[in-house]
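Here the structure is laid out as structure tokens; the discussion comes afterwards.
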Amino acid sequence: PSISWGLISGPLFRYFPQGFIYDVQGMSCFFEYTHIYKELAWLNSKVFNEVSKLISPAGHIQIGEIGKMPACDNCPEGSSELAKQNISISKSDWDAHETSWDFTSNELLSIDTDSYESIMHDFADYHQISIDLEPTEPSKLSWRVDIYKKKWETMFLRLHQNEETLNEKFIHIYSLENELTPDVPLDEVTILQQGEISIEKEKTEDGSKEDEKIIWHDDVIIKQFISYLVGCFMGRYSVDKPGLIIANQHQDLSSLNLQVDGIENSPRSTLSIDDDGIVPIIQESDFFADDMTERIQLAIKTLFGEEQYYENMKYIEQTIGKPLRDYLYKDYYADHQQMYSVKGAKRPIYWLFSSRMGDKHKKGYFKALVYMHRMEADTLSKLHAEYVHPYINKVEQQLREAEEETLRDDLTQAQRNRALKLVNELKEKVKEVKEFEQELVEMASHRLTIDLDDGVKVNYPKFYPLVEPIKGLE
């Protein structure tokens, strides 16, 4: 294990477990295992921050500067334990998100009757209060979100408290009480950094300091849960098994020991995996029984019960600010790109095939998500045969019915105008999706394949113009 820091990020030090590689952009220093935690506590203290400015005023610390700086020969008692706890909290936060190697499941599914008591005891212990435990309501998604927030607010505040306690200890042993304060602003606490919270600051009445308040963004919590459910249907995750399920090409689906659509005698699972990693995202609610909206609605019913289904769906849609189908159709993919981005470079693992084909003047009537780890030579052929062609047939049927409607003699002029408008909209839809179909059939004939080792940057552009254009992946 080692302690690492960035060349230009200032004196911010982190723990690296065994197996990590270092370079000039992420240098490392090594200590005996028994010393590493107290050194980490010292390096991240306010006292060390001030000392480092004497040697490197600009904050660009290289390995030579570290060698000139004082080590912690007189670390205060308990500093190692606090550093260990801070590492544990930070790692728990990192692993609670999909982009972690050690992600196992969405946090809301870990909030249940069994975990409730320990979460509330931790909450009460931190705040030094006595609480009476109320009856649990795990079938209510809103209840799970409330307990989730109590759990993570406690961990956030404990991490903050630990950092200030360490500062206080180091300030005391060096008698710097008149020069430094142990205070750490809440917005410098580096967990819950995926949009779950923001810090609101308000001046006190006398204007002497700022009061800080944690503001929770429940919509982010729910969108992360929706993202996890998308992953379950794609086969990346499963609510029945922790961690990654399908993350390699040419996976033998029958060997997963999980339920997969279309595979006879596959074991019963809570949520069934899509058979080919292709799931449509469309506006029409009655075209495909297995589109993403229908699947997620079924998941909510399956996971939390039919009795609370309508209340849970109402809560989801109120929290994200729009109907689930609208969110998936209009906003989900932008959130997915943001989640799977590296230093601003977007690297989505689910690829959005859209009839818009990069043309801003088109509407993108037909869309489908495809899991890149399940891309095969016949994926485009399946997309056409199972979804695009049936979609066109359904729209053409609607068009015929709408044209017949315009011929009725009993329509008022306003009704006739609305019918004619619908006919024009459906004609436009058929035209757009047929153009997409033509391009799709052509590309399907080439039986395109990808090599996962080449990454998203190389593989994604192979499918232009069928996939949604992404800046940086031209």
Side chains of [X] and [Y] in contact at under 4.5 Å (non-hydrogen atoms):
| X | Y | value |
| --- | --- | --- |
| Ile273 | Leu253 | no |
| Phe366 | Ile281 | no |
| Phe103 | Leu244 | no |
| Trp152 | Leu192 | yes |

(message) Whether Lys322 engages the ring of Tyr327 as a cation-pi pair (distance to the six-membered ring centre under 6.0 angstrom, angle to the ring normal within 45°) should be assessed.
(response) no
(message) Would Lys367 and Phe353 count as a cation-pi pair here, with the cationic atom under 6.0 angstrom from the ring centre and within 45° of the axis?
(response) no
Has the side chain of [X] got a donor or acceptor atom that lies under 3.5 Å from a matching backbone atom of [Y]?
| X | Y | answer |
| --- | --- | --- |
| Asn417 | Gln413 | yes |
| Ser227 | Lys223 | no |
| Ser269 | Leu271 | no |
| Asn459 | Gly455 | yes |
| Asp211 | Glu202 | no |
| Thr270 | Val239 | no |

Between [X] and [Y], what is the shortest heavy-atom contact and its length?
| X | Y | answer |
| --- | --- | --- |
| Val220 | Gly195 | CG2-O, 3.3 Å |
| Ile245 | Gly235 | CB-O, 3.3 Å |
| Ala289 | Glu294 | O-CB, 3.4 Å |
| Ile222 | Ile316 | CG2-CG2, 4.0 Å |
| Asp451 | Gln249 | CA-OE1, 4.2 Å |
| Glu164 | Val184 | OE2-N, 2.8 Å |

For atom [atom1] of [X], is the number of surrounding heavy atoms from other residues, nucleotides or ligands below 6.0 Å larger than 12?
| X | atom1 | value |
| --- | --- | --- |
| Lys241 | NZ | yes |
| His384 | NE2 | yes |
| Glu212 | CD | yes |
| Trp94 | CH2 | no |
| Lys462 | NZ | yes |
| Gln338 | CD | no |
| Arg14 | CZ | no |
| Lys201 | NZ | yes |

Approximate separation, where rounding is to 0.5 Å, of [X] [atom1] and [Y] [atom2]:
| X | Y | atom1 | atom2 | result |
| --- | --- | --- | --- | --- |
| Tyr460 | Glu474 | OH | CD | 11.0 Å |
| Tyr237 | Ser105 | OH | OG | 10.0 Å |
| Ile111 | Asp146 | CD1 | CG | 10.5 Å |
| Ile221 | His217 | CD1 | NE2 | 9.5 Å |
| Ser142 | Gln308 | OG | CD | 8.0 Å |
| Ser238 | Phe233 | OG | CZ | 10.5 Å |

Does the pair [X]/[Y] count as a salt bridge with the N-to-O cut at 4.0 Å?
| X | Y | result |
| --- | --- | --- |
| Lys427 | Glu396 | no |
| Asp240 | Arg268 | no |
| Glu137 | Arg144 | no |
| Arg295 | Asp261 | yes |
| Arg325 | Glu284 | no |
| Asp274 | Arg374 | no |

(request) Please report the C-alpha distance between Asn44 and Leu166 in whole Å, then the side-chain angles of each, then the deciding distance to 0.1 Å, and finally whether the side-chain contact (heavy atoms from CB on, under 4.5 Å) criterion is met. (result) CA-CA 9 Å; Asn44 280 309; Leu166 286 168; over 6 Å; no
(message) Asn162: which residues meet the side chain to side chain donor-acceptor pair (under 3.5 Å) condition with it, sequence neighbours left out?
(response) Gln85, Asn86
(request) Taking side chain to side chain donor-acceptor pair (under 3.5 Å) as the test, write out the residues that go with Lys382, two or more places apart. (result) none
Do [X] and [Y] get their side chains close enough for a donor-acceptor pair, meaning under 3.5 Å?
| X | Y | answer |
| --- | --- | --- |
| Ser254 | Asp252 | yes |
| Glu401 | Gln397 | yes |
| Asp219 | Thr319 | no |
| Thr113 | Thr136 | yes |

Going by the rule ring-ring contact (aromatic ring centres under 6.0 Å, His included), which residues pair with [X] if we only count those two or more places apart in sequence or in a different chain?
| X | answer |
| --- | --- |
| His127 | Phe123 |
| Tyr126 | none |
| His97 | none |
| His336 | Tyr332, Tyr333, Tyr340, Tyr350 |

(request) Give the C-alpha distance, both sets of side-chain angles, the deciding distance and a yes or no for ring-ring contact (aromatic ring centres under 6.0 Å, His included) between Tyr315 and Trp143. (result) CA-CA 11 Å; Tyr315 172 74; Trp143 178 84; over 10 Å; no
(message) Can you tell me which residue among Glu432, Glu468, Glu435, Glu428 is in a salt bridge (Lys or Arg N to Asp or Glu O under 4.0 Å) with Lys362?
(response) Glu435
Using 30° and 60° as the class boundaries, would you call the ring planes of [X] and [Y] parallel, tilted or perpendicular?
| X | Y | value |
| --- | --- | --- |
| Tyr391 | Phe288 | parallel |
| His373 | Tyr371 | parallel |
| Trp101 | Phe20 | parallel |

(request) Would you sort out whether Gln161 and Thr165 count as a side-chain contact (heavy atoms from CB on, under 4.5 Å), showing the intermediate values? (result) CA-CA 6 Å; Gln161 182 186 62; Thr165 299; 4.2 Å; yes
(message) Determine whether Asp290 and Tyr387 satisfy the following criterion, side-chain contact (heavy atoms from CB on, under 4.5 Å), listing intermediate values before the conclusion.
(response) CA-CA 10 Å; Asp290 62 345; Tyr387 296 108; 3.1 Å; yes
